[in-house]
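All chains are named by letter (A, B, ...) in the order of the sequence lines, taking the proteins before the strands, and each is independently numbered beginning at 1.
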There are 2 protein chains.
Amino acid sequence: MLNPTAVAPVRAARRPPASSTQRAARSTARCSSCAMRHLCMPQGVAANDMPQLEALICSARAVRRGEPLYRAGDSFDNLYAVRSGSLKTVMAHRDGREQVTGLRLAGEALGLDGISSDQHACSAVALEDSSVCIIPYAALKHLCREVSSMQDRLHKLMGEQIVREAAQMMVLGSLSADERVAAFLLDISERNAQRGYSSAEFNLRMTREDMGSYLGMTLETVSRTLSRFQKRGLIDAQGRFIHIVDPDGLRKVGAVANA
Amino acid sequence: MLNPTAVAPVRAARRPPASSTQRAARSTARCSSCAMRHLCMPQGVAANDMPQLEALICSARAVRRGEPLYRAGDSFDNLYAVRSGSLKTVMAHRDGREQVTGLRLAGEALGLDGISSDQHACSAVALEDSSVCIIPYAALKHLCREVSSMQDRLHKLMGEQIVREAAQMMVLGSLSADERVAAFLLDISERNAQRGYSSAEFNLRMTREDMGSYLGMTLETVSRTLSRFQKRGLIDAQGRFIHIVDPDGLRKVGAVANA
DNA sequence: CGGTGAATTGATCACCCTCAATGTCCGTGG
DNA sequence: CCACGGACATTGAGGGTGATCAATTCACCG
């Protein structure tokens with residue numbers, strides 16, 4: 001029921017498990033055992049390509065909670081795949097205001113914001129001690145010219161981000177506060193399910209402020225909304241640990257406006 | 001001062017000029033004279049590649065005002081480059097609510113929303129009689145494997161859209177109504193300037209409702225905001241025709257909150 | 001000249017932000 | 001061990017921004 005990696009034991013893991021910093025060597029170890037292989041290496045690639053791919057594109061890096069994997073303005077050299085943990089992407093307005101623009105869970109790709117200008121447009125900050133695969137962009141590009149399935153995979157990755165961001169624009173532009181929070185919880189839930197984890201229980205890792213920033217509302221409104229959802233029996237929230245009790249009810253939030 | 005194509009004569013062009021429908025043949029004429037060549041064909045491409053590229057990737061299509069170039073759910077086969085006119089991209093929630101997620105002016109690329117799932121995730125609707133270059137995606141992909149500068153161009157195109165959408169998420173999530181409208185006007189102004197048109201005067205083509213949808217507010221609030229900007233001497237608006245009088249003043253909107 | 005779609009402007013109200021107090025869980029140090 | 005400080009979360013009270021509802025004007029067009 002509980003998933004060992006994605007879902008921490010209930011009410012525990014306020015601090016991430018100590019093992020997570022050791023799981024990924026800080027040096028550039030090959031990640032031939034990388035759980036994200038399917039991301040770096042699509043099924044379509046011939047088996048005999050494998051060794052060269054692994055040699056070429058996969059090393060690992062650990063990022064401590066609160067530390068940046070990269071910052072806005074950093075030169076863009078690598079893409080990343082989250083191996084364990086989770087990160088947020090943050091964009092800054094020139095007046096200093098910041099907003100969370102994305103959330104990446106284990107298995108998801110990171111760093112595409114740097115392709116357009118050879119500089120990262122946003123920062124990526126670890127929400128917990130995490131580890132990422134490093135994929136040198138130059139090498140990946142070269143590979144994509146030789147292996148068409150790799151090209152497809154990269155294109156889809158970028159296309160998915162484009163669609164995901166457009167969907168988030170809809171969330172920010174069209175939905176009420178209740179609907180935004182519900183949509184967010186369902187999104188996380190589905191992404192967990194896709195990766196084989198529990199869709200019902202998870203540890204959000206972000207603060208209420210991060211959530212609010214991502215959803216275009218204040219932390220107080222996030223907190224109030226979660227409390228109301230709890231009273232309505234839609235979720236069971238203990239701080240950052242969320243249990244989705246009634247997913248269908250969440251999906252109907254806003255549609256009916258009452259129970 | 002006035003630009004012949006981007007800026008229509010003041011107070012005219014409520015209807016697009018009749019010539020615009022003839023400018024682009026409805027058949028698949030080669031666009032060897034396509035003004036958007038730089039988009040399809042980056043400078044880096046060797047001259048002797050040119051003929052094959054033109055033969056491969058460029059035909060044209062006209063789209064009447066209000067008509068869709070493609071609809072959400074349509075199978076994805078082509079990318080497009082706007083040759084003349086302008087289009088909006090629209091995404092629909094399952095409950096039927098729609099939101100404008102993007103605006104494409106002449107010279108800009110369109111259709112990347114279909115890459116991730118081989119189906120378009122949003123619809124593209126012409127804001128005026130327009131014409132687009134058709135770029136078959138399969139052929140483009142093939143070309144990108146042979147010509148590295150073409151690969152770079154496509155990647156940058158996708159990367160730019162990713163960054164642009166993230167920036168729009170910031171607009172929707174962090175800015176006040178005044179700031180959103182100001183940011184929008186400045187964005188259009190800069191995009192016009194980049195394409196060699198006037199940054200001070202342009203015809204917006206969208207309705208107040210489209211603008212509001214794109215900016216996450218109601219058409220009434222858009223209208224009121226524009227009126228207030230006009231009273232403050234920041235702009236001079238006559239319906240959809242906008243003259244930016246004080247761009248620096250627009251940039252300061254929200255920073256000081258008063259004149 | 002009436003009809004339609006779009007834009008403007010006004011009046012009212014609700015949603016959500018702001019400010020504030022309190023509570024909880026930490027890790028740290030007395 | 002308990003006290004303390006800090007970060008985060010929750011909850012309340014009040015106010016402002018922008019939505020909603022509505023009326024009017026304007027341009028275009030059949």
Give the intermediate values and the outcome of side chain to side chain contact (heavy atoms under 4.5 Å, CB included) for residues A:L204 and A:F184. CA-CA 11 Å; A:L204 261 185; A:F184 175 69; 4.0 Å; yes
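Judged by distance alone, with hydrogens and angles left aside, the side-chain atoms of B:R104 form no donor-acceptor pair with the main-chain N or O of B:T89 at under 3.5 Å.
For the pair A:L215 CG and C:dC17 P, the interatomic distance rounds to 11 Å; values are reported in whole Å. Straight-line distance from the CG atom of A:D178 to the P atom of C:dC15: 10 Å, rounded to whole Å. As rounded to whole Å, 11 Å separates atom P of D:dT10 from atom NZ of A:K231. In this entry the distance linking CG of A:D210 with P of D:dA7 reads 15 Å, nearest Å. Rounded to whole Å, the distance from CZ on B:F241 to C1' on D:dA27 is 17 Å. Rounded to whole angstrom, the span from the CG atom of B:L175 across to the P atom of C:dC16 amounts to 18 Å. The distance from atom CE of A:M217 to atom C1' of D:dT10 is 14 Å, rounded to the nearest whole Å. Distance A:E209 CD to D:dG6 P: 18 Å, rounded to the nearest Å.
Regarding contacts with the backbone of D:dA19, a side-chain N or O of B:T218 is found under 4.0 angstrom from either OP1 or OP2. Within the 4.0 Å cut-off from OP1 or OP2 of C:dC17, at least one side-chain nitrogen or oxygen of A:T221 is found. Side-chain N/O atoms of B:R240 include one lying less than 4.0 angstrom from OP1 or OP2 on C:dA7. For A:S227 and D:dT11, the shortest distance from a side-chain N or O to OP1 or OP2 is below 4.0 Å.
Ring centroids of B:Y197 and B:F202 are separated by 6.0 Å or more, keeping the two rings apart.
A:G216 comes within 4.0 angstrom of the backbone, heavy atoms only, and of no base. Residue-level contact check: B:L226 touches neither bases nor backbone, having no heavy atom under 4.0 Å from any strand. Within 4.0 Å of B:G212, counting heavy atoms only, lies no atom of the nucleic acid at all.
Comparing D:dA9, D:dG18, C:dT8 by their closest approach to the side chain of B:R208 singles out C:dT8. Checking D:dA9, C:dA7, D:dT11 against the side-chain heavy atoms of B:S223 singles out C:dA7 as nearest.
Remark: the A:Q119 side chain and the A:D74 side chain contain no N/O donor-acceptor pair separated by less than 3.5 Å. Side chains of A:Q161 and A:E165: a donor on one and an acceptor on the other come within 3.5 Å.
Applying the 3.5 Å distance criterion, the base of D:dC21 shares a donor-acceptor pair with the side chain of B:E220. In the interface, the side chain of A:R224 is paired with the base of C:dT18 through a donor and an acceptor atom under 3.5 Å apart.
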